[in-house]
2 protein chains.
Amino acid sequence: MNQELAIQTIQRKSLHLELVECLQRLIIGGDLAPGSKVPEKELCAQFGVSRTPLREALKVLASDGLIKLEPNRGAWVTLVTVSEVEEVFPVLGALEALSGELACKSISDDEITGVRALHEQMLHAYESRDLDSYFSINQKIHRAILLAARNDTLATSCQALSLRMQRARYLANMTEGRWHYAVQEHEKIMEYLADRNGKMLAETLLAHMDAKRLSVVQWLETQDRTADHT
Amino acid sequence: MNQELAIQTIQRKSLHLELVECLQRLIIGGDLAPGSKVPEKELCAQFGVSRTPLREALKVLASDGLIKLEPNRGAWVTLVTVSEVEEVFPVLGALEALSGELACKSISDDEITGVRALHEQMLHAYESRDLDSYFSINQKIHRAILLAARNDTLATSCQALSLRMQRARYLANMTEGRWHYAVQEHEKIMEYLADRNGKMLAETLLAHMDAKRLSVVQWLETQDRTADHT
DNA sequence: TGACTAAATTATGAATTCAAAATTACGTTG
DNA sequence: CAACGTAATTTTGAATTCATAATTTAGTCA
């Protein structure tokens, strides 16, 4: 009926949802540092909103584990602890493995071409040791596989856990050795995806996550040790 | 210092969290039927709270997928659709499989005894064809395995997805044949858990979830067909 | 009667207000 | 001057208020 009129259904999303996304960005970008207090008043002023929608957003973020609400004491950005990392990565591994398996069943040739393009870009980023680009493209690859799995529930769950692991830039202990190894893992991921070999892709993604877990844990332990000596 | 004084730290949880739990119960209990509108005003009156904390709870439930917020039109209990079931069960399967694997690594002898007791109870419920008890004990078993996995993140994720699949009582198509088969599956689950055979337990739980998925989908399709004929 | 329009009503989204709790500032005393 | 206790201030949690959007009702005209 209104096919040509409905060029775009301007779905003005609710204020609290926009705030959820803004705050997520602030948290994973490190503008709101792990362990720090969420400055409610300041954020209201900054975004030009009242406390009501901001507080709604905080409840949602708390249920996602990005912040912690202390009764009568306010909201705090959660810390990335070793025990949390040891918890989250296995779950993320299982979910990514599933996403690989499902993706192999549904991914189109065009999508594989797209992932390959990203993969090449990532190799360039690696060669020029551009960590920021590397991270960003890396994420896009994982996201592309996730989308190819055609399972929104899976995507949402993965996304939520992934965010929790991205709370701080420094989370990756990208030594030259680890980085090289990660790139090799991605070569395999690319290969198995192109072959639509679900079993092997799942296995590789699981191993990839476990290696990442180890790398992050080691990094955190170095950090802790450093902190102790102050 | 205050070891004997701190008999219980009365952690008065915030109002919105209590409401989240109440609403979850109302939804999975069917008091708020799938597809129906969430009666904001009524619930406020019923719980004796203002709209602010109730609406905070609604945002959280929406992010969990139990309700859907339509801008300017209010909150609606989400429907359990075939496509959602087809999405959620594979994810739940992967998570339960992981929980089985982890549980086998950490579960204590006492816990196994506890699960066995529940298992026996469940068999009794099956023999007397007490579906309500059966369901309830069944859940406790899965929950016990989940707890034995010692991974709160995993438990929370599982719990959230599990709730979404419990929105309606009628979700299980418990024909005599299916029921019998489910009990057999549980026998295997019990056996592998007692043997601490993580690999096989994971495999069995995955298959268990898949069988459940099929059963639920079949039931939903019957329902749809019935609805069409009205 | 049935379709359309306009007014009245209601529900929603978000700002504001208010009471209670926590924190800070301040003054007192040993 | 340090430790404690009290008052002032700020922050938080939740109720209330208010503007706007959606729905319902009433009324008009074909």
Side-chain angles (χ1 to χ4, degrees), chain A residues 1-2 5-6 8-24 26-27 31-33 35-78, chain B residues 1-2 5-6 8-24 26-27 31-33 35-78:
Chain A
M1 190 192 269
N2 56 349
L5 278 173
Q8 55 175 137
T9 314
I10 305 165
Q11 266 296 18
R12 167 110 176 70
K13 64 180 70 172
S14 61
L15 200 44
H16 91 278
L17 256 185
E18 291 198 50
L19 289 172
V20 164
E21 286 166 21
C22 284
L23 291 172
Q24 277 178 345
L26 287 180
I27 292 170
D31 301 290
L32 291 173
S36 70
K37 177 147 200 212
V38 179
E40 200 175 288
K41 213 172 172 182
E42 228 173 274
L43 291 169
C44 285
Q46 187 175 326
F47 293 125
V49 299
S50 75
R51 285 174 62 217
T52 307
L54 187 83
R55 286 168 57 81
E56 287 169 349
L58 292 179
K59 314 287 184 203
V60 173
L61 291 171
S63 97
D64 288 346
L66 280 180
I67 66 172
K68 187 170 165 22
L69 299 172
E70 292 191 21
N72 292 318
R73 301 214 40 249
W76 304 75
V77 181
T78 47
Chain B
M1 191 191 271
N2 56 349
L5 278 172
Q8 54 176 143
T9 313
I10 304 165
Q11 264 298 15
R12 166 108 177 71
K13 64 181 72 173
S14 62
L15 199 43
H16 92 275
L17 256 185
E18 290 199 49
L19 289 172
V20 164
E21 286 167 21
C22 284
L23 292 172
Q24 278 177 345
L26 288 180
I27 291 170
D31 301 290
L32 290 173
S36 70
K37 176 145 200 214
V38 180
E40 200 177 287
K41 214 172 171 182
E42 228 173 90
L43 291 169
C44 285
Q46 187 174 325
F47 293 124
V49 300
S50 75
R51 285 173 63 218
T52 306
L54 186 83
R55 288 168 56 81
E56 286 170 349
L58 292 179
K59 313 291 182 202
V60 172
L61 291 170
S63 97
D64 287 345
L66 280 180
I67 66 171
K68 186 170 164 23
L69 299 172
E70 293 191 22
N72 292 318
R73 299 210 47 247
W76 304 76
V77 181
T78 47

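Below, chain A is the first sequence line, B the second, and so on; all start at residue 1.
Atom-to-atom, NZ of B:Lys41 to P of D:dT17 comes out at 14 Å; the value is rounded to the nearest Å. Rounded to a whole Å, the NE2 atom of A:His16 is 14 Å from the C1' atom of C:dT12. A:Leu19 has its CG atom 9 Å from the P atom of C:dA15, to the nearest Å. The distance from atom CG of B:Leu69 to atom C1' of C:dA14 is 15 Å, rounded to the nearest whole Å. Atom CG of B:Leu15 is separated from atom P of C:dA19 by 18 Å (rounded to the nearest Å). Distance CD (A:Glu40) to C1' (D:dT10): 12 Å, rounded to an integer number of Å. Atom CG in A:Leu54 sits roughly 14 Å away from atom P in D:dT11 (whole-Å rounding). A:Glu70 has its CD atom 11 Å from the P atom of C:dA22, to the nearest Å.
Heavy-atom distances under 4.0 Å link DNA chain C to no residue of residues 56-68 of chain A.
For the OP1/OP2 pair of C:dA11 and a distance below 4.0 Å, the side-chain nitrogens and oxygens of B:Arg73 include no atom meeting the criterion. OP1 or OP2 of D:dT12 lies within a sub-4.0 Å distance of a side-chain N or O belonging to A:Lys37.
Side chain of B:Ser14, nearest nucleotide from D:dA14, C:dA15, D:dA15: D:dA14. Closest to the side chain of B:Asn72, out of D:dA14, D:dA21, C:dT23, is D:dA21. Taking the side chain of B:Ser50 as heavy atoms from C-beta on, and the options D:dT16, C:dG13, C:dA22, the nearest nucleotide is D:dT16.
Donor-acceptor pairing under 3.5 Å, judged by distance alone, is present between the side chain of A:Arg51 and the base of D:dG13.
Taking 4.5 Å as the limit, every side-chain heavy atom of B:Ser36 sits out of range of all side-chain heavy atoms of B:Trp76. You'll find the side chain of A:His16 reaches within 4.5 Å of the side chain of B:Leu69, heavy atoms only. Residues A:Pro39 and A:Leu32 meet the side-chain proximity criterion, which asks for heavy atoms closer than 4.5 Å.
The stretch residues 43-54 of chain B participates, sequence neighbours left out, in these side chain to side chain donor-acceptor pair (under 3.5 Å) pairs: B:Glu40-B:Arg51. Sorted by first and then second residue, the side chain to side chain donor-acceptor pair (under 3.5 Å) pairs involving residues 56-71 of chain B (not counting sequence neighbours) are B:Glu70-B:Arg73.
Residue A:Leu61 forms a side-chain contact (heavy atoms from CB on, under 4.5 Å) with just one option from A:Leu66, A:Leu19, A:Val38, and that option is A:Leu66.
Nearest-nucleotide mapping onto DNA chain D: of A:Ala75 and A:Thr52, the residue sitting toward the 5' end is A:Ala75. Toward the 5′ end of DNA chain C lies the nearest nucleotide of B:Val38, the other residue of the pair B:Val38 and A:Val49 mapping further downstream.
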Quiz item: Please walk me through it: do B:Leu58 and B:Leu23 pass side chain to side chain contact (heavy atoms under 4.5 Å, CB included)?
Solution: CA-CA 9 Å; B:Leu58 292 179; B:Leu23 292 172; 4.0 Å; yes
